[in-house]
Amino acid sequence: MTDPQAPDAPSHFIREIIRSDIQTNKQGAGVYTRFPPEPNGYLHVGHAKAICLNFGIAQEFGGRCNLRFDDTNPEQEDAEYVEAIKRDVHWLGYEWTELRHASDYFEQLYQYAVTLIENGKAYVDDLSAEEIRAHRGTLTQPGRESAARQRSREENLDLFARMRAGEFRDGEKVLRAKIDMASPNINLRDPVLYRIKHATHQNTGDAWCIYPMYDFTMSLSDAIEGVTHSLCTLEFEDHRPLYDWLLDELPVPSRPRQIEFSRLNLGYTITSKRKLNQLVQEGHTGGWDDPRMPTISGMRRRGYPPEALRDFCGRIGITKNEAQIDFEVLENSVREALNQSAERRLAVLDPLRVVIENYPEGQTEQCTAANHPFREELGSRQVPFSRVLYIEREDFMETPAKKFFRLAPGREVRLRFAYYITCTDTVRDEHGEIVELRCSYDPQSLGGTPDGRKVKGTIHWVSAEHAATANVRLFDRLFLSANPAAEQDYVEHLNPESLQVLRECRLEPALLDAPPGARYQFERQGYFSVDTADSAPGAPVFNRIVTLRDSWAKASARQRA
RNA sequence: UGGGGUGUAGCCAAGCGGUAAGGCACGGGGUUUUGAUCCCCGCAUGCGCAGGUUCGAAUCCUGCCACCCCAGCCA
């Protein structure tokens with residue numbers, strides 16, 4: 001596995017920049033990064049990329065990394081989200097150096113704003129939002145200066161103090177940087193620094209009624225924390241001149257460097273907090289942690305191991321290309337982690353009854369089953385075998401297709417960890433549907449066969465009398481479109497069959513005591529986890545994390561096509 | 001159309017003037033009591049296009065083309 005920290009992990013341009021900065025001592029000693037989410041929703045895979053980058057880089061260079069909540073817009077934010085975010089970062093395997101909130105700096109930021117005013121670099125404007133927009137100009141035309149731009153420092157200072165004191169209503173006044181209304185970079189056309197919001201803040205309560213904007217907050221918070229490398233996504237690239245302008249104009253304690261990289265897009269999924277929020281609010285999924293959601297909490301609930309996410313983030317690379325990663329890359333990381341760590345069990349998802357006619361009635365014996373094919377230290381368990389079994393319905397074909405190696409009339413197969421059986425007859429119900437197979441077994445075939453005969457197929461099974469019955473949920477992609485975000489209405493592209501609940505699954509008895517969160521491979525089927533929310537003691541509910549690769553399914557699909 | 005970015009295989013991605021790494025996907029073969037895993041092998045005379053510089057260019061120069069981002073008192 002390529003962990004981002006591994007010495008042989010592929011390098012990328014940000015790592016190169018940092019190496020060079022260290023060599024030239026450009027950003028001072030040490031590396032300090034930060035992950036700065038806004039607590040306005042749950043984290044998703046895209047954030048996992050940013051988390052692995054920021055925390056991973058810090059780890060790699062023996063540096064530090066803060067978790068900082070960018071909580072400057074009280075109307076959007078909630079304490080529920082800050083708790084969820086902390087949980088997600090921890091689950092991914094990272095520990096922050098300091099836990100901060102941008103709101104911790106509100107007083108200091110306010111003083112910085114005052115300094116700007118004192119230096120003639122900011123002014124209070126009383127234009128309305130619409131007027132400001134009209135004054136801003138367009139992409140090709142310069143903006144116009146507001147009359148308020150000429151205000152004296154004294155008046156600006158007084159007005160700004162009164163903004164803070166709550167003398168104005170929302171939207172009545174705003175603090176703006178005095179830069180250049182004719183700049184070809186629209187972000188430099190006197191950007192708003194502070195706005196009035198009489199709202200209760202999740203961290204500071206009612207202490208403030210003015211709140212700083214993103215650009216102002218981000219660069220100064222980075223500087224306050226001594227961040228050396230401020231990593232963010234591409235859309236902030238043309239905000240960098242403003243980020244740097246603030247550092248130039250104010251007596252900041254450090255000089256962070258902003259570097260942008262492209263955000264993660266994953267095939268068949270959505271990585272937008274806003275859109276994910278809509279899915280939750282409109283009830284299209286069971287919540288933020290629905291196992292079909294590309295949120296970190298959804299993936300955790302589904303059973304993805306955190307090391308799989310880290311491995312994935314290490315594989316996709318860090319560049320400025322707008323990339324859309326195939327979903328298979330993620331699944332590959334998940335399978336690789338689980339193949340290594342998950343114990344194997346036998347479970348029949350779609351049961352078909354089998355009676356072994358030459359097996360003594362009422363007899364039970366224990367078959368020894370290895371818990372893992374290449375990790376002997378994980379030991380083995382006993383699986384009961386008896387006269388009546390269940391096998392997977394799709395492991396039997398009355399008229400076998402070409403290259404079908406499983407059970408069929410007259411065919412012999414291996415029952416995993418047990419005997420060879422041969423299908424001798426079929427039993428049908430009144431509709432003509434096959435409801436039972438009659439088979440014979442070879443008592444000599446337990447560890448091998450005395451005559452050395454080989455069989456092409458091995459199938460899984462469970463003893464009917466001993467089996468537990470459980471619900472198993474199969475998940476398919478949430479969207480049918482490869483790029484739902486690009487569709488006119490992504491909600492229309494939801495996969496109506498993304499969730500399938502199987503209620504008649506038969507499990508080997510050992511699975512009955514599986515603890516919530518445990519992950520197993522159901523042999524020949526896939527990896528499954530015990531749902532942490534819906535399972536009860538003695539009544540586990542299983543989530544399919546990911547299927548096994550299935551070259552038979554692929555080949556037979558190709559045959560049909 | 002002003003500004004800022006990006007173009008290397010189906011999808012990612014190395015490459016930093018010396019003759020196209022690696023991963024995913026895909027195809028073929030071997031091992032196998034999971035059609036899994038594992039192991040081999042194949043997969044760009046080609047790097048957005050066109051010129052130019054050079055003994056030599058994905059890398060340097062010039063000109064084009066395509067795509068993405070920016071006109072919130074969101075982040």
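Sequence lines set the chain letters: A, B, ... in the order given, protein chains first and strands last, and positions in each chain run from 1. Scope of the values below: all heavy atoms of this structure, side chains included, with no hydrogens, waters or symmetry mates.
OP1 or OP2 of B:rC74 sits under 4.0 Å from a side-chain N or O of A:K197. Look at A:R549 and you'll find a side-chain N or O under 4.0 angstrom from OP1 or OP2 of B:rA25. Distances shown here put a side-chain N or O of A:S551 below 4.0 Å from the OP1 or OP2 atom of B:rA36. Applying the 4.0 Å criterion to OP1 and OP2 of B:rA13, one finds that A:T319 has a side-chain N or O inside that range. A close approach under 4.0 Å does occur between a side-chain nitrogen or oxygen of A:R524 and OP1 or OP2 of B:rG35. Distances shown here put every side-chain N or O of A:R189 at or beyond 4.0 Å from the OP1 or OP2 atom of B:rG3. In this model, the phosphate group of B:rA13 is approached by a side-chain N or O of A:N321 to a distance below 4.0 Å at OP1 or OP2. A sub-4.0 Å separation between OP1 or OP2 of B:rU32 and a side-chain N or O of A:K456 is absent. OP1 or OP2 of B:rA75 lies within a sub-4.0 Å distance of a side-chain N or O belonging to A:T72. Contact between the side-chain N/O atoms of A:R136 and the OP1/OP2 oxygens of B:rC73 is found at a separation under 4.0 Å. Side-chain nitrogen and oxygen atoms of A:R453 include none within less than 4.0 Å of the OP1 or OP2 phosphate oxygen of B:rU33.
A donor-acceptor pair shorter than 3.5 Å can be found between the side chains of A:S230 and A:D222. Counted by atom type alone, A:E412 and A:Y441 present zero donor-acceptor pairs between their side chains at under 3.5 Å. Using modelled atom types, one finds a donor on one side chain and an acceptor on the other under 3.5 Å when comparing A:D71 with A:S103. Side-chain contact annotation: A:E523 with A:Q521, donor-acceptor N/O pair under 3.5 Å absent. Side-chain atoms of A:E487 and A:S481 form a donor-acceptor pair, as typed in the model, at a separation below 3.5 Å.
Heavy atoms of other residues, nucleotides or ligands lying less than 6.0 angstrom from CD of A:E376 number 12 at most. More than 12 heavy atoms of other shown residues, nucleotides or ligands fall within 6.0 angstrom of atom CD in A:E16.
Counting distance only, with no hydrogens placed and no angle test, the side-chain atoms of A:R406 and the base atoms of B:rG35 include a donor-acceptor pair under 3.5 Å. Between the side chain of A:R335 and the base of B:rU37, no donor-acceptor pair of N or O atoms lies under 3.5 Å. For a distance-only test at 3.5 Å, the side chain of A:D238 qualifies as a donor-acceptor partner of the base of B:rG3. A donor and an acceptor atom sit less than 3.5 Å apart, one in the side chain of A:Q521 and one in the base of B:rU34. Below the 3.5 angstrom threshold, one finds a donor paired with an acceptor across the side chain of A:D326 and the base of B:rG10.
Nucleotides B:rC41 and B:rU6, compared at atom P, are 37 Å apart to the nearest Å. For the C1' atom pair drawn from B:rC40 and B:rA44, the interatomic distance equals 22 Å after rounding to whole Å. Remark: the separation of the P atoms in B:rG42 and B:rC24 is 16 Å, to the nearest Å. Rounded to whole Å, the P atom of B:rC47 lies 15 Å from the corresponding atom of B:rC60. Remark: the separation of the C1' atoms in B:rA13 and B:rU8 is 9 Å, to the nearest Å. Separation of the P atoms belonging to B:rG48 and B:rA66 is 16 Å when rounded to the nearest angstrom. Nucleotides B:rG5 and B:rC74 place their C1' atoms 22 Å apart, quoted to the nearest Å. To the nearest whole angstrom, the two P atoms, one in B:rG7 and one in B:rG15, are 12 Å apart.
Atom P of nucleotide B:rG3 and atom CG of A:L188 are separated by 14 Å, given to the nearest angstrom. One interatomic measurement links the two molecules: CG of A:L242 to C1' of B:rG72, which rounds to 14 Å at whole-angstrom precision. Summarising the geometry, the separation between CD on A:Q141 and P on B:rG2 is reported as 13 Å, rounded to the nearest angstrom. Here the P atom of nucleotide B:rU8 and the CD atom of A:E322 are 12 Å apart, to the nearest Å. For the pair A:K320 NZ and B:rC67 P, the interatomic distance rounds to 21 Å; values are reported in whole Å. A straight line from CZ of A:F522 to C1' of B:rA36 spans 16 Å, rounded to a whole angstrom.
Contacts of A:R274 with the nucleic acid, taken as non-hydrogen atoms under 4.0 Å apart, are absent.
Judged by Watson-Crick or G-U wobble contacts below 3.5 Å, the nucleotide B:rU45 has no partner. Pairing for B:rU31 is absent, judged as Watson-Crick or G-U wobble with the two contacts each under 3.5 Å. The partner of B:rA66 is B:rU6, judged by Watson-Crick or G-U wobble contacts that both fall below 3.5 Å. The partner of B:rG51, taking Watson-Crick or G-U wobble pairs whose two distances both stay under 3.5 Å, is B:rC61.
Ion pairing between a basic and an acidic side chain is recognised when a charged N comes within 4.0 Å of a carboxylate O; A:R133 and A:E131 show no such pairing.
Look at B:rG28: its glycosidic torsion is beyond 90° from 0, and that puts it in the anti range.
Stacking annotation: A:Y214 is not stacked on the base of B:rA75 (requires ring centroids less than 5.5 angstrom apart and an interplanar angle below 30 degrees).
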